[in-house]
Amino acid sequence: MKANVQWMRLSPPRILVLGFAGIILLGTLLLMLPASSRSGDSLAFIDALFTATSAVCVTGLVVVDTGTYFSVLGQVIIAILIQIGGLGFMTMSTLVAIAFKRKISLKERLILQEAMNQSTMEGIVRLIRKVVIYSLILEGICGTLFALRWSFDMPIGQAVYYGYWHAISMFNNAGFDMFGHFSSLTGYVYDPLVNFTAMFLIVSGGIGFVVLSDLVEYHKTKKLSLHSKVVLLMTALLIVFGALVIFVFEFSNPRTLGGLNWGGKLLGSFFQSVTPRTAGANTVDIAGLRQATQFFMIILMFIGASPGSTGGGIKTTTFLIMAGAVIAMMRGREDIVFFRYRLVQERIFKALTITLLALLFIITVTMVLSTTEDSNFLMILFETTSAFGTVGLSLGLTLKLTTFGKLMICFTMFAGRLGPITLAYALGQKKGKDLYRYPEGKMIIG
């Protein structure tokens, strides 16, 4: 009883941190079971911890090959961890509560509000129902498409298993695959069905459940919220612009797009533009990309997906607010306006805080790993940004990480999944309003 009282006194950010940490620990212990590996040997604790963290934080960085090392039990455990991590443990617990017709308490609604990154508790339980329904429907449809396609390449039972397993991985932007030898989807670079189905899942999971709900109900409401308009606009712009940059930079690169026909070049360009947002799958060799393209991908990974989604990064809305602030300042205007709506100052401060915290975090981890890992700077920066953005793309550093490096990347994935502000609130003092204000000061800037 006393423990329950102490739990209820914790702030929502701290409950989220402890909840995710508890699931990671449980996943670690399950993956260490001899039955979870094909060989029957127990996976080392640090490798099990890394895999569980990557799954729960829907990242996709791996130190052992998922398809060849783990047994069916181990692969199922990873899929469950991905689903829980992508939808959020509070979403899953709320689903259980609804199933048993238990009333959702105010405290639980506050935690859900924090987990889903919502500004209000209004309609939060209704949103959770939609999250689960939309996820299962999309994973079911796309899993069936995958299964039908792969039934031509493998036995039907394996094709069905692979289809739904990869649908879970792609929708939750996890990037795990079971094709073996860390190959991801490179064997399907020319396949339009696999490419478009995977991209649809990645984008659907990355735009956020609020946007999905708006799109589904558009036939009734005939309108989209400001948030949905901004997310859809930024998602489209980043995908098209990213594909164009990758196409230009990699057009003649024999290690990536250079050896492909025009259809393969276009598919490869678009897929590699979508996947840094924050899926982690790939159809060309990421290590074979030119350094300019790899650095451009770092920027895409840093921006990431959208709020309330299965993805990470600083989020598309944060990036647009920062860009809007720059444009407004250059035009000599005080307000940032999108679609004839003015943003309040609090939103701008929050975007600035998230961006600076993310930059400082990535810089710090990169500097530390540069002293402990035997690798070049770009590879380390790429790995760190991929972990923080919960992307899962790698230039090959993951397999060479030291024990300390694995722990650092685990913490980076954890911080990226929760978000820098949630983590800061969990570790710091309670939020509160200033009781007084100091006199206004003037500083010279620029």
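Both backbone and side-chain heavy atoms feed into the values below; hydrogens, waters and symmetry mates do not.
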Notebook entry, point to check: Hey, are Asp374 and Lys400 close enough for a salt bridge, meaning a charged N less than 4.0 Å from a carboxylate O?
Noted result: no
Once rounded to the nearest 0.5 Å, what's the spacing between atom [atom1] of [X] and atom [atom2] of [Y]?
| X | Y | atom1 | atom2 | value |
| --- | --- | --- | --- | --- |
| Asp47 | Met32 | CG | CE | 10.0 Å |
| Thr384 | Met379 | OG1 | CE | 12.0 Å |
| Ser370 | Ile363 | OG | CD1 | 11.5 Å |

Would you say [X]'s side chain and [Y]'s backbone share a donor-acceptor pair under 3.5 angstrom?
| X | Y | result |
| --- | --- | --- |
| Asn173 | Phe171 | yes |
| Thr28 | Ile24 | yes |
| Thr412 | Met408 | yes |
| Glu250 | Leu257 | no |
| Ser54 | Phe50 | no |
| Arg149 | Gly163 | no |
| Thr385 | Phe302 | no |
| Glu373 | Thr402 | yes |

Check: With a 4.5 Å heavy-atom cut-off, do Met297 and Ile286 have their side chains touching?
Finding: yes
Check: Can you check whether Phe388 and Phe414 have ring centres sitting under 6.0 Å from each other?
Finding: no
Margin query: Taking the ring of Phe179 and the ring of Tyr188, is the distance between their centroids below 6.0 Å?
Written below: yes
Margin query: Any donor-acceptor pair under 3.5 Å linking the side-chain atoms of Ser225 with those of Ser228?
Written below: yes
Notebook entry, point to check: Any salt bridge (charged side-chain N to carboxylate O under 4.0 Å, His left out) pairs touching residues 67-77, not counting sequence neighbours?
Noted result: none
Margin query: Strictly by salt bridge (charged side-chain N to carboxylate O under 4.0 Å, His left out), give each pair with a member in residues 269-285 just once, sequence neighbours left out.
Written below: Arg255-Asp285
Next item on the list: Give the C-alpha distance, both sets of side-chain angles, the deciding distance and a yes or no for side chain to side chain donor-acceptor pair (under 3.5 Å) between Tyr69 and Ser39.
Entry: CA-CA 8 Å; Tyr69 181 87; Ser39 64; 5.0 Å; no
Check: Out of Leu300, Thr256, Ile246, which residue meets the side-chain contact (heavy atoms from CB on, under 4.5 Å) rule with Gln272?
Finding: Ile246
